[in-house]
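Worksheet: one structure, shown below.
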Amino acid sequence: MRHPVTFSVGLLLLACGPLWAWAEEARCIVRVGGDLTGSVSQFYDTPSELLLGGKNGLFRYDRGRVVGVGYSPTGSIFQFHDTPSGLLLGAQTGLFHYDSGRVIRVESDLPTGFVSAFHDTPGGILVGAQSGLFRYDGNRLVLVEGGEKGGFAGFHDGPDGLLLSALSGLYRYDGKRAVLVENEETTGIVFDLHDGPGGVLLVSANKGLFRYGGLRLVLVERVENMGVVNAFHDRPGGLLLGTLFGLYRYDGNRVVLAEGGEKTGYVYAFHDGPGGLLLVSAKNGLFRYDGNRVVLVNGGEKSGLAYAFHDGPGGLLLVGAENGLFQYDGIGIAPVEGEEKTGLVHVFHDGPNGLLLMGAENGLFRVSFEPLAKWQHDMDNWSELQETSPSRFGIPTRWTMTNPCSAVADQLGLHVVATDAAGKDAPPVKVHHIDHAPGIASFEVLVPVSEPGDWTFRLVSEAATPGTVSI
């Protein structure tokens, strides 16, 4: 005996553009996992799963859901590092080992504080931490001689060995010890190192810009004249420096102001944008630089500092910024909004099945470029449907499928058509709103319960011409 089964497909209504908008623009943002993760700033792909580093610890992304990984007393996750014996997690409360779904604290000579950097050496893995420089031998952490001052945050392969940036200056590692590099003047905190023009290694510190050579540091420019260097970018005509005071250029001999045009304020990062123009992330917004002038892009004042960039389809550039998600078309920048605010956007990641994931201040988000195509794909894939009320005594089974992007439903007059194995269509069923669930659209289709795999579904639109066509 066959029974009717009700398919209820619930779709979160978000701030999505109409179907006739740019086909490649980012149309919908959906939060995944609610407040579970806290701020998400790290992704790591393993052969079997996608891991997330959040403010609230380690999580796993599993078929559209966020799942906590056991008891994870890590605090914020700062870094992932793969080793032959498993994955290491650099975290707010120390170093952890992840294996087979378990998170285990690594034993240490003394408390590490937060762990933020790793580097592989023949003698073991060096671990930069708040309380010192450690070596990991596969089982425990051992303090490296000379590394007890702490605040080691970065590694760089220099011309004469491994260099380490730290709160107390620049160090060189000789295979056994960490040795402070001599300098003409105190560097203070060392933030970053960059291979500059002519083979010169440049060192950014809170006392200024330095040049490293011959096991010594030489001052290039004082911080009072240019501000701390936050970012480097190699360009024809000289190395660009993003500093607290603006945009500068270093030609191998001296540092000069590179700005012409509008003032950027604090420069945080660079990105090679569409058309070969350089995009500049700054306090005063998003700018473009053509080698001579700095110009604020249309709407660029709305973004605040930009922290992440992602090349989307059709030349569209997604910009993860202080004030949320934006899209840049080569001329201007515009916000991409959803019902739930992202907050500051840290990072993008190409997730499973072509999904774009986004780590942000308010959690994990999915970004959709083609919401209707994704909806159709999910309807074609029966595994996306979940039975939430099994059929009993001839009562129809209720099924639910969630897909994030359907605010275009009313504008297009969307309907769903069910087709049986013989190619016969059931009457079109309108996608409609559910009064008791604001922000939800759904439809119901009656099909024989015994043969769900023999039925297919497609979206049709009254707005399309001529007549009704498949989306």
Side-chain angles (χ1 to χ4, degrees), residues 41 75-81 88-95 106 108-137 140-196 200-223 226-232 241-244 268:
S41 59
S76 295
I77 303 291
F78 299 129
Q79 290 283 335
F80 294 99
H81 188 77
L88 292 178
L89 312 176
Q92 182 180 0
T93 58
L95 182 66
V106 174
S108 175
D109 283 352
L110 72 159
T112 61
F114 64 78
V115 171
S116 58
F118 298 95
H119 190 84
D120 292 309
T121 72
I125 299 171
L126 292 181
V127 178
Q130 180 183 14
S131 63
L133 179 67
F134 295 82
R135 185 185 301 107
Y136 176 67
D137 62 7
R140 59 183 289 110
L141 286 171
V142 179
L143 185 65
V144 173
E145 182 182 350
E148 59 276 355
K149 288 191 176 181
F152 287 86
F155 300 94
H156 187 91
D157 289 314
D160 45 27
L162 182 63
L163 297 173
L164 302 85
S165 57
L167 291 177
S168 53
L170 183 68
Y171 286 76
R172 184 169 50 84
Y173 180 69
D174 64 6
K176 295 182 178 180
R177 300 175 304 152
V179 181
L180 186 66
V181 174
E182 296 182 8
N183 51 78
E184 292 179 340
E185 299 188 32
T186 303
T187 62
I189 302 170
V190 172
F191 298 109
D192 197 10
L193 294 92
H194 184 83
D195 294 311
V200 173
L201 179 62
L202 296 175
V203 179
S204 165
N206 73 337
K207 298 293 184 179
L209 183 67
F210 293 79
R211 185 173 61 246
Y212 175 81
L215 307 182
R216 294 178 60 84
L217 283 170
V218 179
L219 181 68
V220 174
E221 190 67 66
R222 294 182 185 278
V223 71
M226 58 180 288
V228 172
V229 177
N230 308 301
F232 298 92
L241 311 174
T243 82
L244 285 177
Y268 175 78

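None of these values were measured; they are calculated from a predicted model.
- Atom-to-atom distance recorded for H194:NE2 and L241:CG is 8.5 Å, nearest 0.5 angstrom.
- At least one side-chain heavy atom of L88 sits under 4.5 Å from a side-chain heavy atom of I125.
- Between H81 and F118, the two ring planes are parallel [angle under 30°; tilted spans 30° to 60°].
- A166 meets the side-chain contact (heavy atoms from CB on, under 4.5 Å) test with F152, S168, Y171; sequence neighbours excluded.
- Separating the CG atom in L170 from the OH atom in Y212 is a distance of 7.0 Å, to the nearest 0.5 Å.
- The ring pair (Phe, Tyr, Trp, His ring centres under 6.0 Å) check on H156 picks up nothing, with sequence neighbours excluded.
- Here the closest heavy-atom approach between residue V144 and residue K176 is recorded as CG1-O, 3.5 Å.
- Looking only at side-chain heavy atoms (C-beta outward), L217 and V203 come within less than 4.5 Å of each other.
- Residue R222 places its CZ atom among 12 or fewer non-hydrogen atoms of other residues, nucleotides or ligands, all under 6.0 Å distant.
- The nearest pair of heavy atoms linking V229 to S204 is O-OG, 2.7 Å.
- Nearest approach of R172 to D160, heavy atoms of both residues: CD-OD1, 4.1 Å.
- Under the 3.5 Å distance criterion, the side-chain polar atoms of S165 are matched with a main-chain donor or acceptor of G154.
- Put simply, the side chain of F191 reaches to within 4.5 Å of the side chain of N206, judged on heavy atoms.
- Minimum interatomic distance between T112 and L95 (heavy atoms only, all atoms of both residues): OG1-N, 4.2 Å.
- Between F134 and S108, the shortest heavy-atom distance links the atoms CE2-OG, 3.6 Å.
- Under a 3.5 Å cut-off, the side chain of E145 and the backbone N or O of R177 do not form any donor-acceptor pair.
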Verify side-chain contact (heavy atoms from CB on, under 4.5 Å) between F210 and V220, making sure each step is shown before the conclusion.
CA-CA 5 Å; F210 293 79; V220 174; 5.6 Å; no
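- With contacts defined as side-chain heavy-atom distances shorter than 4.5 Å, the pair L163/F155 does not qualify.
- A 4.5 Å side-chain heavy-atom check between T121 and R135 finds every atom pair outside the cut-off.
- The closest donor-acceptor contact from the side chain of T243 to the backbone of G227 lies at 3.5 Å or more, if one exists at all.
- Closest approach of L141 and V127 over heavy atoms only: CD2-CG2, 3.8 Å.
- You'll find the side chain of F114 stays beyond 4.5 Å of the side chain of S76, heavy atoms only.
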